[in-house]
> 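Got a structure for you, questions after.
Just so we're on the same page: letters track the sequence lines, and every chain starts at 1.
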Protein chains: 4
Amino acid sequence: MSTRAEQRRPGRPRSEKARTAILEAAADLLLVRPFREVSMDELAERAGVSKATIYRWWPKKESLALDALFREWEVEQSLPDTSSLRGDLLAVLRPWVRRLRTRPYGRVIAALLTEVHADPDFAEEYRTRFVHGRRERGRALINRAIERGELPRSTDVDLALDLLYGSLYHRLLHGHAPISDRFVEKVVDTTLAGLAAEYRKT
Amino acid sequence: MSTRAEQRRPGRPRSEKARTAILEAAADLLLVRPFREVSMDELAERAGVSKATIYRWWPKKESLALDALFREWEVEQSLPDTSSLRGDLLAVLRPWVRRLRTRPYGRVIAALLTEVHADPDFAEEYRTRFVHGRRERGRALINRAIERGELPRSTDVDLALDLLYGSLYHRLLHGHAPISDRFVEKVVDTTLAGLAAEYRKT
Amino acid sequence: MSTRAEQRRPGRPRSEKARTAILEAAADLLLVRPFREVSMDELAERAGVSKATIYRWWPKKESLALDALFREWEVEQSLPDTSSLRGDLLAVLRPWVRRLRTRPYGRVIAALLTEVHADPDFAEEYRTRFVHGRRERGRALINRAIERGELPRSTDVDLALDLLYGSLYHRLLHGHAPISDRFVEKVVDTTLAGLAAEYRKT
Amino acid sequence: MSTRAEQRRPGRPRSEKARTAILEAAADLLLVRPFREVSMDELAERAGVSKATIYRWWPKKESLALDALFREWEVEQSLPDTSSLRGDLLAVLRPWVRRLRTRPYGRVIAALLTEVHADPDFAEEYRTRFVHGRRERGRALINRAIERGELPRSTDVDLALDLLYGSLYHRLLHGHAPISDRFVEKVVDTTLAGLAAEYRKT
DNA sequence: TCGTAACCGAGACGGTACGTCTGGTCTTTTT
DNA sequence: AAAAAGACCAGACGTACCGTCTCGGTTACGA
C-alpha cells in the first residue's frame, strides 16, 4: 500500500520517521480500539503528522490498519520442518494463536473483512497479504506430507486449510470460546484424522 | 431488539405497518449493498418512515440489520431426523448454504461481527440470535448420534461445531472459494471421520 | 385564541382545569425562560396535560404565550382621570412599567414580534390584544386633553403614542438602559412639551 | 464574529471567496424571508459551501444574520454637519429609514432581538454593532448642538436618543404604521421641541 | 339507561432542522 | 518534492422539536 518506486527521485525524500510514526500510531490505536472509534485526525495527531501525509501514502484507514497488522503478524515467513505434518502445522499455528491472544485482533480483522466486501481493490490487497501467502505455505506443508505418505494423494488441500484456519478464525471472530493451545491441537488432530480416514458415505 | 411488553399500554400503539416497512427496507438495502453505503436517511425514506421512528426501536444500523437478517434466516427451527448424523447435519447445513448463495450475506455478517467487537450489548444480542440457537441444535444432533453409537462418548462437541461452521463461515467471510454443496459434504464427511477416528499422535 | 362558541354543545365540555393548568405552566415557563428553550413537551408535562390538548385550543406556542401574557397584563382596562394629561399618562404607564420590571418580559415580546413578522394571522391577533386597545385608550386620553385645551387641535396623536410607547419598548427590547420611573416621567414630560410647543423649522 | 488574527499563519488561509459567498447568501435569504424558515442547509447550498464551514466562523444563524445586516447598514460612519441639529439628525435618520423600506428588516431585527434576550454573548455583540456606534454618533451630534446653544446644558442625551430611535423602531417592529419621511421629520421636530422647552409640571 | 359526541392522557408518528463529526481533498508556507 | 498546518467539501450522524395521529377511556347531554 505504501509502495512507490524506491528510486532516487528529485525533491525531498520521503520521511522515514513519519512513516514509522504513522505505523506505530496505527498499531497503538487501530489494532486496539474499536475501528470506527479511531478517527484519522486522532491518528495523525498521535503520530505527530498531518493527515495529508497519511493520505499521500495510504488510500484509506483500512489500508493503514492492513499495513500495521501485517507488520506485526508476518515476520516469520520460513517453513518449519518437524518431519511430521502435525508438528509442522502446530509450529505454524501455535505461535500465531499465541500472538492472537495478546491483542484484540478479532476487532481489526472483522473491520478489514467488512472492507473486503465493499472494495474489490482492497479485497485483492487483503488476500495477497493475509490469505495467499499463508495458504501457499500450508499447501506446501501438506503436499510434503502427501509425498511422505502421511496423507492420501486424493487429499483436498483447500478443504484441509479451511477446516484448520476456519475453525480458528471462527472463534476469533465470534468470540464464543477461547482459542487455547489445546483447541489448536484438537483442530489439527481431528482434521488430520478426518483427512487420513477412508470415510464411507451412507 | 425491538421487543417490548406487548400488553395494552395507554397511548397510540406501535405501528405494525411501520415496523414491517422498516424491516423490509432494511432487507432490501442493508442485506444487499455494502453496509456503510446505506444511510439511515435513505433507509427511512425507502421505508416511508421518519428517522426518529427507526431510532426509537433500533439503537443503531447494525441492530436493524440483525433483525432483518434474523427474519430471513431463522424461519426453520425444527430438528431434522434422518437417522444418521451425516444426514442430519446436511439437512441443516445444505439449506442454509443455499440461502447464503442467494445474497451477499458475507457483507452483513462481516459488518455485524465488526460491531460485535465494539459493543458488548450488541455482541450479546448477536450471539443469542445467531450463535446459541444454532449451536444448541447442532449439539442436540451430535448428542443423539453419540447415543446411537455413531461417535465416541468422548467427542468434543464444541470442536465439532467449530470445524463445521468455522470452515463455512471462513469461505463466506474471506471469499477465497465458493461454498458449493460438494464443499459442505466434504466438510461434514471429513469432520465426522476425524471425530470418529482414533488418531494417535506421532 | 382559545375562544369558541360558548353555547352548550353536546359532548364532554372543555376542562377548565386543563385550560388553567396550561396557562399557568405557560406563564411559569414561556414568560420566564428564553422562548425557544421551552418545548411543548415540557410545557405539557408541567401542566399535567397532553400535547394534543394544548394544540386543540392554541395553534402554536406563540399563541399560548400571547394568551398567558395577556392574562398577566391586561387586567386593568379602565381609563384614569387625573384632570391632567400628564397625570393620566403616568397613571397608565407607571403601573405597566413597574410590572415590566418584575419579569423578563422583553424576552416574550421579542419572540412574539418575531412571529408577528412571519405569520399575518398571528400579527392580527397580536395587534388586537396588545396594540389596538392600548392605543385606543391613549388616544382617548389625548383627545380629552385636546378638548381641555392642553394640546393644540392639530396634535398628531399617533406620533404622540409612538414617542411614548416607542421609547419604553426601545429600552425593553434593546436592554441598553433600565426603564426607571424617572425615565417614564421624562418621556412623558418631554413628549408633551414637544407636542405643545410651536416649533419652527429652520 | 468572524474575526481572527489576520497575521500570516501556517496552513491553508481562510477562503475569502467562501466568506463572501456565505454573507451574500445570508443577505439574500436571512434578510428577506422569515428567519426560522431559512435552514442552514439551504443557506450552505445557496452559498456553495459546506455547513461545517459556516459553523466554523459563525456560531449560530443569528450571528450570521448580524454580520450580513451589518454589512448592509453600517457603510456610512461619518458624522454629518449641516450646522443645525435638526439637519444633522435628518441627515442620519432619513437615509436609514429609506434603506429600511427596501427590505423587510423588521423581520431580522425582531429575530436578532429575540436572541439578544437568550444569549448574553450575542447581546454584547449586537449592541456593539448596532447600538453603541449609532448612539455615540447621536450623542456627538447632540453635544455639538449643546455647544452651539441649540439645547440646554441639562439635556438628557439618552432620553433624546430613546425618543428618536425608539419611535422609529417601534413602527419597524410592530408594523402598525409606515415609517414615512414625514414621520421622521415629526419625530425629530417634536423631540427637539420637547427637549428645548422649559416644561413646568402641574 | 344508554348512545353519542366531544373531550382528555399517553405516546407513537412523519417531517424537518439542528449542530457535530469524519473521511478525504486542497492550499498555503516551510523544510 | 515532501511535510505541517489547517481550511475546506460532502454528507451521514443521532437528537430534538413540532404538530398530528391513534388509541383507550371519560364526561356530559339528550333520546
> Would you kindly compare D/Ser15 and A/Gly48 by the position of their nearest DNA chain F nucleotide and give the one closer to the 5′ end?
A/Gly48
> Distance check needed: F/dC13 P versus B/Glu42 CD, whole Å only.
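In whole Å, F/dC13 P and B/Glu42 CD are 10 Å from each other.
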> Would you find a donor on one side and an acceptor on the other, under 3.5 Å apart, between the side chain of A/His117 and the backbone of B/Leu173?
yes
> Please state how far atom OH in A/Tyr55 lies from atom P in F/dA5, giving the value in whole angstrom units.
17 Å
> Nearest whole Å is fine: how far is E/dA10 P from C/Met40 CE?
16 Å
> Hey, are B/Glu115 and B/Lys61 close enough for a salt bridge, meaning a charged N less than 4.0 Å from a carboxylate O?
no
> Taking any heavy-atom pair under 4.0 Å as a contact, classify A/Ala18: base, sugar-phosphate, or nothing.
nothing
> Rounded to the Å, how far apart are A/Leu43 CG and F/dA5 P?
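Value for this atom pair: 15 Å.
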> Does NZ or CZ of B/Arg14 come closer than 6.0 Å to the centre of the six-membered ring of B/Trp58, within 45° of the ring's axis?
yes
> Side chain of A/Val49, heavy atoms from C-beta onward: which of E/dG23, E/dG14, F/dA4 has the nearest atom to it?
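Taking heavy atoms from C-beta onward, the closest nucleotide is F/dA4.
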> Under the 3.5 Å rule, do the base of E/dC26 and the side chain of D/Arg12 count as making a donor-acceptor pair?
yes
> Applying a 4.0 Å non-hydrogen cut-off, can you work out what C/Ala44 is touching in the nucleic acid: base, sugar-phosphate, or nothing?
nothing
> For a quick test of reading the model: is some side-chain N or O of B/Trp57 closer than 4.0 Å to OP1 or OP2 of E/dC13?
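It does, given that an N or O in the side chain of B/Trp57 lies less than 4.0 Å from OP1 or OP2 of E/dC13.
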> Can you tell me if the side-chain N/O atoms of C/Thr53 get under 4.0 Å from OP1 or OP2 in E/dG9?
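So the side chain of C/Thr53 is within the cut-off, an N or O lying under 4.0 Å from OP1 or OP2 of E/dG9.
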> Any ion pair linking D/Glu42 and D/Arg33 (charged N to carboxylate O, less than 4.0 Å)?
yes
> To the nearest Å, how far apart are B/Ile22 CD1 and E/dG14 C1'?
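Rounded to the whole Å, the gap is 11 Å.
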> Go through F/dC8, E/dC7, E/dG23 for me and flag the one nearest to the D/Arg56 side chain.
F/dC8
> Give a yes/no answer on whether the side chain of D/Lys51 brings an N or O atom under 4.0 Å of OP1 or OP2 in E/dT20.
no
> For A/Trp58 and E/dG23, give me the distance from atom CH2 to atom P, rounded to whole Å.
16 Å
> To the nearest Å, how far apart are C/Glu16 CD and F/dT26 P?
22 Å
> Between the side chains of B/Tyr126 and B/Glu62, does any donor sit under 3.5 Å from an acceptor?
no
> Taking the nucleotide of DNA chain F with the nearest heavy atom to each, does C/Asp41 or B/Ser39 sit closer to the 5' end?
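The residue mapped nearer the 5' terminus is B/Ser39.
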> To the nearest Å, how far apart are B/Glu45 CD and F/dG11 C1'?
15 Å
> Within the 4.0 Å heavy-atom criterion, would you say B/Lys17 contacts the bases, only the backbone, or no part of the nucleic acid?
nothing
> Relative to the 5' end of DNA chain E, which residue comes earlier, A/Phe35 or C/Ser50, by the nucleotide with the nearest heavy atom?
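Per heavy-atom nearest nucleotide, the more 5' residue is C/Ser50.
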